[in-house]
Amino acid sequence: MTWLNAGSPFPDLTVDVAGHGRVSVREELAGDYGVVLIYRGSWCPYCNAQLRAFERARDTLAELGVKMIALSVDDEATTKALVAKLRLTFPVAHGADADAVSRATGAFVNADPTYLQSTGFVLDPSGEVVVSVYSSGAIGRLLPEDVAGLIRYIRQSAADA
């Protein structure tokens, strides 16, 4: 299992985004700060809450130059229904290969049924990991307020240097 620590390049995952075809996660986020949210599935209330929170923080994060993408093992129809239900405006990918994503990112995999546990990454504009958050169960995940605070801190530190 690969753990992505601060400074690690984020792997070049290619995913199927509901309603938009295949995209490279790195290319989708290139040039901006990025948030990658790996969520357990549309059935998970904690994941729904996290995705809703990031949608509510969309304007604040956009002002800070942050783009987002989420992914799960859910099928396309389930993902499209979740996007509509939560009114998500950022890309949400479906049909992720749990084992391949785990090998590339270190995300934990639930065996039966097979799905990825919540995992989050904040990337810098060059695609390197700034912070990673790994969960082995339902709780423990990135929050949009923490991401916004981190980006503000990074920018202020750079300005002060």
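Here the structure is a predicted model, which is why all the values come from computation and not from measurement. We count residues from 1, following the sequence as given.
Follow the hydrophobic side-chain contacts under 4.5 Å out from L142 and you never reach L116; the two are in separate clusters. Side-chain heavy atoms closer than 4.5 Å link hydrophobic residues (I, L, V, M, F, W, Y) into clusters, and following such links, even through other members, never connects L123 to I151. Put simply, L88 and L29 are part of two different groups of oily side chains (I, L, V, M, F, W, Y) that touch within less than 4.5 Å, one to the next. I69 and V147 fall into different hydrophobic clusters, where Ile, Leu, Val, Met, Phe, Trp and Tyr are joined by side-chain heavy atoms under 4.5 Å apart, directly or via other members. Taken together through direct or relayed side-chain contacts under 4.5 Å among Ile, Leu, Val, Met, Phe, Trp and Tyr, L143 and M68 form parts of separate hydrophobic clusters.
Counting Ile, Leu, Val, Met, Phe, Trp and Tyr side chains that sit under 4.5 Å apart, directly or through other members, Y46 shares a hydrophobic cluster with I139.
Listed here is the closest heavy atom pair of L64 and Y33: O-CD1, 4.5 Å. S118 and G140 get closest at one heavy-atom pair: OG-O, 4.0 Å. Of all heavy-atom pairs between F121 and I38, the closest is CE1-CD1, 4.1 Å. Of all the heavy atoms in T60 and A148, the pair that sits closest is CG2-CB, 4.4 Å. Shown here for S42 and N48, the closest heavy-atom pair between the two residues is O-ND2, 2.8 Å. Nearest approach of T119 to A107, heavy atoms of both residues: OG1-CB, 3.3 Å.
The ring-ring contact (aromatic ring centres under 6.0 Å, His included) contacts involving residues 59-89 comprise nothing, where partners must be two or more places apart or lie in separate chains. Pairs of residues two or more places apart, or lying in two chains, never qualify as ring-ring contact (aromatic ring centres under 6.0 Å, His included) while including a residue from residues 81-103. Applying the salt bridge (Lys or Arg N to Asp or Glu O under 4.0 Å) definition to pairs two or more places apart or across chains, none involves residues 136-148. Among residue pairs with one or both ends in residues 32-47, those qualifying as salt bridge (Lys or Arg N to Asp or Glu O under 4.0 Å) are D32-K67; sequence neighbours excluded.
Atom CZ of R152 sits about 13.5 Å away from atom OG of S157, to the nearest 0.5 Å.
Under the side-chain contact (heavy atoms from CB on, under 4.5 Å) criterion, S136 pairs with F108, not counting sequence neighbours. Partners of E28 by salt bridge (charged side-chain N to carboxylate O under 4.0 Å, His left out), not counting sequence neighbours: none found. Not counting sequence neighbours, the partners of A53 by the side-chain contact (heavy atoms from CB on, under 4.5 Å) test are R56, P144. Scored by the salt bridge (charged side-chain N to carboxylate O under 4.0 Å, His left out) test, R87 finds no partners at all (sequence neighbours excluded). For Y115, the ring pair (Phe, Tyr, Trp, His ring centres under 6.0 Å) partners at least two apart in sequence or on another chain are W43.
Side-chain contact check for L51 versus L37: some heavy-atom pair is nearer than 4.5 Å. Taking 4.5 Å as the limit, some side-chain heavy atom of V130 sits within range of a side-chain heavy atom of I154. Using a 4.5 Å heavy-atom threshold, the side chains of S132 and V129 count as touching. Looking only at side-chain heavy atoms (C-beta outward), Q117 and V109 stay at 4.5 Å or farther from each other.
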- Verdict with supporting geometry, F54 and Y39, ring pair (Phe, Tyr, Trp, His ring centres under 6.0 Å): CA-CA 13 Å; F54 271 91; Y39 68 100; over 10 Å; no
Side chains of residues 6-15: which donor-acceptor pairs under 3.5 Å do they make with residues two or more places apart or in other chains?
unit_1	atom_1	unit_2	atom_2	d
S8	OG	N5	N	3.1
S8	OG	N5	O	3.0
D12	OD1	S24	OG	2.6

Only pairs under 3.5 Å count here: list side-chain donor-acceptor contacts from residues 76-86, not counting sequence neighbours, and write none if there are none.
unit_1	atom_1	unit_2	atom_2	d
T78	OG1	D75	OD1	2.7
T79	OG1	D75	O	2.9

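Side-chain atoms of D124 come within 3.5 Å of backbone atoms of E128 as a donor-acceptor pair (strictly under, hydrogens ignored). Side-chain atoms of T105 come within 3.5 Å of backbone N or O of V101 as a donor-acceptor pair. Remark: the backbone N or O of P113 is paired with a side-chain donor or acceptor of N110 at under 3.5 angstrom.
Side-chain contact check for T89 and R58: at least one donor-acceptor pair (N or O, by modelled atom type) lies under 3.5 Å.
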